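To start, the structure itself, in structure tokens.
Just so it is clear, the structure is predicted and the values come from calculations on it, not from any experiment. Labels below follow one simple rule: chain letters A, B, ... track the order of the sequence lines, proteins then strands, and each chain is numbered from 1. Computed from heavy atoms alone, side chains included, the values below leave out hydrogens, waters and symmetry copies.
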Amino acid sequence: MTTIDTPTRPLDFIREIVEDDQRSGKNGGRVVTRFPPEPNGYLHIGHAKSICLNFGVAAEYGGRCHLRFDDTNPSKEEVEYEDSIVDDVRWLGFDWGQHRYHASDYFEQLYQFAEHLIANGNAYVDSLSADEIRQYRGTLTEPGRDSPFRSRSIEENLDLFRRMRACEFPDGAHLLRAKIDMASPNMNMRDPALYRIRNERHHRTADAWCIYPMYDYAHPLSDALELITHSLCTLEFEDHRPLYDWCIENLPLPSRPQQIEFARLNMSYTVLSKRKLLQLVREKCVDGWDDPRMPTLAGFRRRGYTPAAIRNFCERIGVAKRNGVVDVAMLEHAIREDLNLTAPRVMAVLRPIRLVIDNYPESQAEEFDSPINPEDPAAGARKVPFSRVLYIEREDFMENPPKKFFRLSPGSEVRLRSAYFVTCTGVVRDDAGEVSEVHCTYDPATRGGGNAPDGRKPKATLHWVSAEHAIDAVVRLYDRLFVSENPEDVEEGKSFLDMINPSSLEVLSACKVEPGVASASAGTRYQFERLGYFCVDPDSEPGRLVFNRTATLRDTWARIAAAK
RNA sequence: UGGGGAGUCGCCAAGUGGUAAGGCAUCGGUCUUUGGAGCCGACAUUCGAUGGUUCGAAUCCAUCCUCCCCAGCCA
């Protein structure tokens with residue numbers, strides 16, 4: 001065996017930088033990354049991209065990745081979110097070992113470093129109001145003006161800052177600012193805020209502080225203190241990089257991390273902003289953060305997605321600096337690809353109609369072997385009970401079939417998967433004239449559903465379930481949450497909420513499933529043959545299973561029918 | 001009209017001066033006890049535009065165009 005023809009995936013620009021750094025011996029060859037979520041919401045598929053990147057790069061280059069909570073704003077953060085983030089990152093399959101940190105772990109050090117900046121004349125306490133500061137900042141095209149407090153003495157700054165820490169002032173009375181350049185063309189360099197007063201309880205440090213550091217200050221220092229080598233973040237922080245570097249250059253830090261920006265993930269038919277996701281939850285447009293229609297990791301988990309599928313998806317979309325929109329079909333492909341190989345097959349009838357086999361003995365019943373997974377012969381077979389009265393899918397029968405409809409119709413013969421060939425002989429109608437029962441005869445010579453002795457080959461194979469053996473189930477059919485490819489792009493006066501798909505959830509409560517799944521536990525995934533992938537929802541109760549549809553199977557007939 | 005980024009197939013995305021990878025989607029065919037899956041094939045004479053340099057340019061230079069981000073005491 002040689003590895004010559006092993007196709008090598010080209011490196012993305014970040015891995016290229018990391019490899020260059022390793023070659024040149026920068027950072028002593030160490031690679032340390034971090035995933036720094038703010039605990040103010042649930043993680044979504046966009047975060048998965050960042051998680052896979054950060055943990056992936058670390059693993060590939062023999063380094064490590066820290067999980068660090070960016071908890072510098074007590075008014076937005078909660079423990080519930082922190083717990084969910086821990087669960088989700090673990091579920092995705094990543095491990096930070098002992099390296100779980102919080103920006104708040106560094107509050108004392110961050111404070112001391114702030115005094116250091118003041119002592120060196122690199123920071124000052126401003127006492128302008130928020131509104132005045134905005135006015136002094138200038139605009140995109142006009143430079144800002146120095147605050148009248150910019151020239152306070154070091155002693156006065158130190159005194160004021162210490163009194164800020166001592167909680168002597170109300171919110172907004174003072175602000176610690178970096179002394180950089182009010183005329184900078186980069187707005188972030190016009191004396192950015194470093195510390196603000198927030199007389200508020202923090203979910204971890206409780207009442208220890210009433211001043212809290214800003215992201216732009218806390219982030220680079222946290223990175224440096226943790227000896228992070230490559231600090232990967234999204235594009236919108238690109239113009240913060242000079243400030244990131246400024247903080248590091250002006251303080252005696254133990255290391256010099258490098259910030260590198262990449263494009264965040266956008267996906268069609270999806271919304272990925274924490275604010276909007278929070279709104280969907282708060283306004284009850286969905287059933288919570290883990291609603292299977294949500295693009296949150298908790299939602300995908302409940303929907304039946306596997307961590308491997310999400311990781312493969314993240315690998316496949318790549319990492320670059322171009323803003324784009326990934327087709328949600330790419331994600332759907334990833335989950336089908338995974339489940340096709342791993343999900344046990346089962347027969348389930350979602351919209352049942354009775355199929356009576358007139359020439360099958362009334363009292364008879366038998367069991368057929370059906371493959372658990374044709375893609376994996378080693379998985380073996382399962383027993384499926386069969387009897388005279390079955391349920392088949394209502395849409396698998398048509399009294400007046402159009403061309404190319406190969407399923408059951410008067411006079412036609414189809415294969416019942418793993419059972420027999422069956423020929424439709426007629427229908428029974430209810431009082432309203434609706435077909436309430438389909439009748440047929442079976443060919444005993446086709447037992448097992450294999451080929452007939454005379455070589456007949458039906459053009460269709462139907463799934464079925466024995467009426468007397470079937471168990472009842474509720475099936476929730478999920479579809480995309482939004483009807484628009486870009487739900488954020490709406491006309492004046494409308495919001496993304498107006499783009500919600502009114503039929504994103506259809507609940508079918510009279511479904512029939514083969515008995516073998518009766519004791520399946522929540523989270524178990526199956527392929528319902530010919531229909532799609534489904535998983536058992538935690539809402540299930542004994543005797544009343546609830547399934548969520550993860551993804552449909554490709555349906556060629558539906559395409560043909562839709563094309564007309 | 002300041003600054004920072006980005007423009008390669010419908011969507012992601014390689015390519016870094018030597019004559020446009022791959023994936024998704026789409027469309028054919030084949031195979032099939034899932035109209036599933038698999039397999040085979042098609043799918044950018046062209047890289048935002050225009051000039052220029054060069055034997056040769058998506059790659060270098062110039063000019064122009066388009067899109068994204070920045071004026072939170074959010075991250």
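Minimum atom distance to the side chain of A:Arg322 is reached by B:rA6, of the listed B:rU16, B:rA37, B:rA6. For A:Met214, counting side-chain heavy atoms from C-beta on, the closest listed nucleotide (B:rC74, B:rC68, B:rU34) is B:rC74. Across B:rG5, B:rA75, B:rA71, the shortest atom-to-atom separation from the side chain of A:Leu235 is found for B:rG5. Listed nucleotides: B:rU34, B:rG2, B:rA21. Nearest to the side chain of A:Pro185: B:rG2. Closest to the A:Asn186 side chain, of the nucleotides B:rG23, B:rG3, B:rU33, is B:rG3. Of all nucleotides listed (B:rC68, B:rG23, B:rG3), B:rC68 comes nearest to the side chain of A:Asn323. When each of B:rG35, B:rG5, B:rU26 is scored by its nearest atom to the side-chain atoms of A:Arg554, the top-ranked nucleotide is B:rU26. Among the nucleotides B:rC12, B:rU34, B:rG10, the one closest to any side-chain atom of A:Asp327 is B:rG10. When the nucleotides B:rC12, B:rC74, B:rU34 are ranked by their closest atom to the side chain of A:Arg196, B:rC74 comes out on top. Each of B:rC12, B:rA75, B:rC73 was ranked by its minimum atom distance to the side chain of A:Val326; first place goes to B:rC12.
The CG atom of A:Asn373 sits 11 Å away from the C1' atom of B:rG36 (whole-angstrom rounding). Nucleotide B:rC11 holds its P atom 14 Å from the CG atom of A:Asn266, rounded to whole Å. Rounded to whole Å, atom C1' of B:rA14 lies 19 Å from atom CZ of A:Phe262. A straight line from CG of A:Asn73 to P of B:rC74 spans 6 Å, rounded to a whole angstrom. Atom CZ of A:Phe69 is separated from atom P of B:rA75 by 16 Å (rounded to the nearest Å). In this structure, the CG atom of A:Leu339 is 14 Å from the P atom of B:rG38, given to the nearest Å. Rounding to whole angstrom units, CE of residue A:Met187 and P of B:rG3 are separated by 13 Å. The CD atom of A:Glu19 sits 16 Å away from the C1' atom of B:rU16 (whole-angstrom rounding).
Between A:Ser129 and B:rC73 there is no side-chain N or O to OP1 or OP2 distance below 4.0 Å. Look at A:Arg559 and you'll find a side-chain N or O under 4.0 angstrom from OP1 or OP2 of B:rC27. In this structure, A:Arg275 does not reach the B:rA75 phosphate: none of its side-chain N or O atoms is under 4.0 Å from OP1 or OP2. A:Arg134 has a side-chain polar atom (N or O) that falls below the 4.0 Å cut-off from OP1 or OP2 of B:rG72. In terms of phosphate contacts, A:Arg190 brings no side-chain nitrogen or oxygen within less than 4.0 Å of OP1 or OP2 of B:rG72. Residue A:Arg137 places at least one side-chain N or O under 4.0 Å from the OP1 or OP2 atom of B:rG72. Listed pair A:Lys404 / B:rG35 fails the phosphate criterion, with no side-chain N or O lying under 4.0 Å from OP1 or OP2. The side chain of A:Arg198 places an N or O atom within less than 4.0 Å of a non-bridging phosphate oxygen (OP1 or OP2) of B:rC74. At the phosphate of B:rC74, neither OP1 nor OP2 sits under 4.0 Å from any side-chain N or O atom of A:Thr72. Here A:His333 reaches the OP1 or OP2 of B:rC24: one of its side-chain N or O atoms lies under 4.0 Å away.
Within 4.0 Å of A:His240, counting heavy atoms only, lies at least one base atom of the nucleic acid. At a threshold of 4.0 angstrom between heavy atoms, the contacts of A:Thr461 are confined to the sugar-phosphate backbone, with no base atom among them. Among the protein residues, A:Val319 comes within range of the sugar-phosphate backbone only, with heavy atoms under 4.0 Å from sugar or phosphate atoms but none that close to a base. Here A:Leu416 lies out of heavy-atom contact (under 4.0 Å) with every strand. Heavy atoms of A:Lys457 sit under 4.0 angstrom from primed sugar atoms or phosphate atoms, though from no base atom. When heavy atoms are screened at a 4.0 angstrom cut-off, A:Tyr195 is found touching no nucleic acid atom at all. As judged by a 4.0 angstrom heavy-atom cut-off over every strand, A:Pro242 is placed among residues making no nucleic acid contact. Residue A:Glu337 is out of contact with every strand shown, counting any heavy-atom pair closer than 4.0 Å. At a threshold of 4.0 angstrom between heavy atoms, the contacts of A:Gly324 are confined to the sugar-phosphate backbone, with no base atom among them. Within the nucleic acid shown, A:Leu175 comes within 4.0 Å of at least one base atom, counting heavy atoms only. Within 4.0 Å of A:Ala193, counting heavy atoms only, lie sugar-phosphate atoms of the nucleic acid but no base atom.
Mapping A:Phe405 and A:Lys321 onto RNA chain B by nearest heavy atom places A:Lys321 at the nucleotide closer to the 5' end. If you find the closest nucleotide of RNA chain B to A:Glu16 and to A:Glu485, the one lying nearer the 5' end belongs to A:Glu485.
Ring centers of A:Tyr420 and A:Tyr442: under 6.0 Å apart, within the cut-off.
Across B:rG4 and B:rU16, the matching C1' atoms stand 23 Å from one another, rounded to whole Å. A gap of 13 Å separates the P atoms of B:rC40 and B:rC24, to the nearest Å. Nucleotides B:rC47 and B:rU8, compared at atom C1', are 4 Å apart to the nearest Å. Straight-line distance between the P atoms of B:rA6 and B:rU59: roughly 16 Å, to the nearest whole Å. Here, B:rG2 and B:rG10 have their C1' atoms 36 Å apart, quoted to the whole Å.
No donor-acceptor contact under 3.5 Å links the side chain of A:Asp555 to the base of B:rG35. You won't find any donor-acceptor pair under 3.5 Å spanning the side chain of A:Asn340 and the base of B:rG38, going by distance alone. For a distance-only test at 3.5 Å, the side chain of A:Glu375 qualifies as a donor-acceptor partner of the base of B:rG36. You won't find any donor-acceptor pair under 3.5 Å spanning the side chain of A:Arg415 and the base of B:rU32, going by distance alone.
Judged by distance alone, with hydrogens and angles left aside, the side-chain atoms of A:Tyr212 form a donor-acceptor pair with the main-chain N or O of A:Glu200 at under 3.5 Å.
With A:Tyr124 as the aromatic partner, A:Arg152 does not meet the cation-pi criteria of under 6.0 angstrom to the ring centre and within 45 degrees of the ring axis.
Its glycosidic angle being within 90° of 0, B:rG72 falls on the syn side.
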